[in-house]
4 protein chains.
Amino acid sequence: MQRNGQALLDAAAEVFARSGVGAPVREVAAAAGVGVATLYRHFPTRSDLVVAVYRHQIDGLAASGPALLASEPTPFTAVLRWVHEFVDFLGTKHGLARVWDGDAAGFTALHTLFVDRLVPVLADLLAAARGSGDVVAEVTPYQLLRAVGDLVAFAPGDPDHDARRMVTLLVTGLRQEQPLIRPA
Amino acid sequence: MQRNGQALLDAAAEVFARSGVGAPVREVAAAAGVGVATLYRHFPTRSDLVVAVYRHQIDGLAASGPALLASEPTPFTAVLRWVHEFVDFLGTKHGLARVWDGDAAGFTALHTLFVDRLVPVLADLLAAARGSGDVVAEVTPYQLLRAVGDLVAFAPGDPDHDARRMVTLLVTGLRQEQPLIRPA
Amino acid sequence: MQRNGQALLDAAAEVFARSGVGAPVREVAAAAGVGVATLYRHFPTRSDLVVAVYRHQIDGLAASGPALLASEPTPFTAVLRWVHEFVDFLGTKHGLARVWDGDAAGFTALHTLFVDRLVPVLADLLAAARGSGDVVAEVTPYQLLRAVGDLVAFAPGDPDHDARRMVTLLVTGLRQEQPLIRPA
Amino acid sequence: MQRNGQALLDAAAEVFARSGVGAPVREVAAAAGVGVATLYRHFPTRSDLVVAVYRHQIDGLAASGPALLASEPTPFTAVLRWVHEFVDFLGTKHGLARVWDGDAAGFTALHTLFVDRLVPVLADLLAAARGSGDVVAEVTPYQLLRAVGDLVAFAPGDPDHDARRMVTLLVTGLRQEQPLIRPA
DNA sequence: CATGAATGAGCATTCATTCAT
DNA sequence: CATGAATGAATGCTCATTCAT
């Protein structure tokens, strides 16, 4: 990860924020003041680049879980706060939601990263909150993580859409037994 | 609706389900066994085609709201059931979630249709459920509709993702006052 | 040339004036409130339609030659006036200049009509003006007619281009022996 | 001007001569033995390509004006010769006349080039010829340049059309006061 | 290691023309 | 005779990816 490597990461972060994670490769290379081939050398697939760009923040999120568990008054508020940190992270990334899309070429690695790094953290948080009796609904950490991700999808540009509120709603739902719904 | 009109609708429904609403025009035309120009004649813009494909089901959803209000034991379960009908509708459409994306060229019309036809229905359901004291959280019908849509996004292909459960969680959340979350 | 025939002619005249002689066939048919096939029945090629549209005015121009020869003070002013009548005719037709273009599919017939009807008229005018000693330059009627047509080409939209003045300049040049110019 | 730059210019010159300046992009690329994208890389818009193809010759024309003024016996013959050099240039380009057409997408740049580089040259020539009393007709350099261009339009393929002679006629007309022609 | 030129597949869209009804 | 639905070739343009220098 030499000089060009970092320049590419910075450029990619900026371009992804502006034009989405699916932005043209050349745009990123250009923004980094680097030839396309250099980009390909450092990050053979788009996935690699995306992961590299976000790894730091994801690490931060991972670290934040235990910290919140220690500092928050209850495990439930820890869950709530952590989930909102995840929202903060996703919120600035235009179109990052496609990560969950199986098809979406080039997001597999990020998907994996989410699962590897964040799911365990959320699992611990949820377990604790379940232990304290606050969370009763049956959900897997993966499901919740993904649901939050979906709620933030494409948020920018729609002033009527309040992702934060929706996520809170979702987490609040965890406190109750879920009614059974069967297709009529 | 001449000779190929229906064939095109069927083909589009099938292709959209498989490859997403953004599938190549030619693919749809081919699936219908028809020249591209024929498709263009019937549906000048992609939006027109998308709307035409889903209009029937959306009409059904719109009609279902009042019906559920009458038949369900409580307004809240009516909300719950209706929302799940919406999930049923979205669930089969790969990538229909992009509808909410402002950028996505060609989805404006569908977005409009959602807002025009479904938001009012959900508004009535929510109002009733609020009247009976079941729903207390502050959410606009538009926000809720969109949130549900987001939760179903890209569902297919990920067996671990249970959109139905997540949506129930969200709706359950409506029964509680929402805690205030401020960014640290 | 029944009812539809005339409707097509009127529509074509209007459309040609607006969008040029190369306007889409469907546009003409639509303007006439008629199916495309009907247009094709009446005018198998675009050329046929174009010719039919302008035949009347061309007949008028043809008739005008002898008339001017009789009414104008000198044969030369008759030439000048007639040529300007031709300019008036061409001036309103966007892109009619392509008539002279050999390639231009669909203009052969109009080209022929020009040659058949107008060249003889201009020939008579020029002969008379030559007889009176006013015209001395060597030019064939065909060359002059075409040159005038070229000068009017694409006139609309360029306020700095004064076709009328240029045509006058050209005709004025007829009064002098032409210097020999050889490529260096 | 990398590997294929010159090949593209040569190919374009050849294709433009054959099929006109509006020839399909792919055709030019193919003639150069090059992918379309390569062409687009070198010349983002058609205009750029057209300008590049003709810039050299236009520069030559621009330089030729003062030279002729110095070498020719009279300013008038300088005008005449220069205009014929312009004819030589245009003569080989099929359909270059469309340059004057405001509509014609992609010719703006060439039009601009003509106006910027050639109009001033012709202006000087005309001024000199006016100073020596040879040119008396009122014409702007732009009008004359364009008129010459129009006269050469589509010349190839019509053996009966002698652009050179017509242009001479036009220039000869400059020596006389123009009669007033008003529409009857 | 870095470059960026070259490639060509892929997609949307328009239009002249034919043909079954 | 009239209709207009259907056709598919043609064209401009973008972008991910490879490769010679």
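Residue numbers begin at 1 in each chain, while the letters A, B, ... track the order of the sequences.
E:dC1 and F:dT21 have their P atoms separated by 22 Å, with the value rounded to a whole Å.
In this structure, the side chain to side chain contact (heavy atoms under 4.5 Å, CB included) partners of C:A13, at least two apart in sequence or on a different chain, are C:V53. Here B:D116 pairs with nothing under the side chain to side chain donor-acceptor pair (under 3.5 Å) rule; sequence neighbours left out. By the salt bridge (Lys or Arg N to Asp or Glu O under 4.0 Å) test, A:R41 pairs with no residue at all, sequence neighbours left out. Not a single side chain to side chain donor-acceptor pair (under 3.5 Å) links C:R55 to another residue, sequence neighbours left out. A:D10 meets the salt bridge (Lys or Arg N to Asp or Glu O under 4.0 Å) test with no other residue; sequence neighbours excluded.
Going from atom CZ of B:F43 over to atom C1' of E:dT13 covers 17 Å, rounded to whole Å. Residue D:Q6 contributes atom CD, which lies 16 Å from atom P of E:dA5 at whole-angstrom precision. Spacing between atom CG of D:L39 and atom P of E:dA5 amounts to 14 Å, rounded to whole angstrom units. Spacing between atom CG of B:L8 and atom C1' of F:dA6 amounts to 11 Å, rounded to whole angstrom units.
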remark   = Heavy-atom contacts, protein to nucleotides 15-21 of chain E, under 4.0 Å, summarised as B (base), S (sugar-phosphate only) or - (none) per nt, yield BBBBB--
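Within the 4.0 Å cut-off from OP1 or OP2 of F:dA6, at least one side-chain nitrogen or oxygen of B:H42 is found.
Take the nearest nucleotide of DNA chain F for C:G33 and for D:E27: the residue whose nucleotide is more 5' is C:G33. Annotation: of the two residues near DNA chain E, D:T38 and A:G35, the 5′-most nearest-nucleotide partner is A:G35.
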task = Before giving the answer on side chain to side chain contact (heavy atoms under 4.5 Å, CB included), spell out for B:L9 and B:F43 the whole-Å C-alpha distance, their side-chain angles and the decisive distance to 0.1 Å.
result = CA-CA 10 Å; B:L9 283 181; B:F43 310 99; 3.7 Å; yes
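The side chain of B:N4 approaches F:dT7 more closely than any other nucleotide in the set E:dA6, F:dT7, F:dA2.
Helical stems of DNA chain F (runs of at least 3 Watson-Crick or G-U pairs, donor-acceptor distances under 3.5 Å) are listed by first residue: E:2-21 with F:2-21.
Note on ring orientation: taking the six-membered ring where Trp is involved, the planes of B:F114 and B:F89 are perpendicular (angle over 60°, cut-offs 30° and 60°).
Here the side chains of C:L110 and C:I58 are in contact, with some heavy-atom distance below 4.5 Å.
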Side-chain donor-acceptor contacts of residues 23-32 of chain A below 3.5 Å, not counting sequence neighbours, with atom names and distances?
unit_1 : atom_1 : unit_2 : atom_2 : d
A:E27  : OE2    : A:R18  : NH1    : 3.3
A:E27  : OE2    : A:S19  : OG     : 3.2

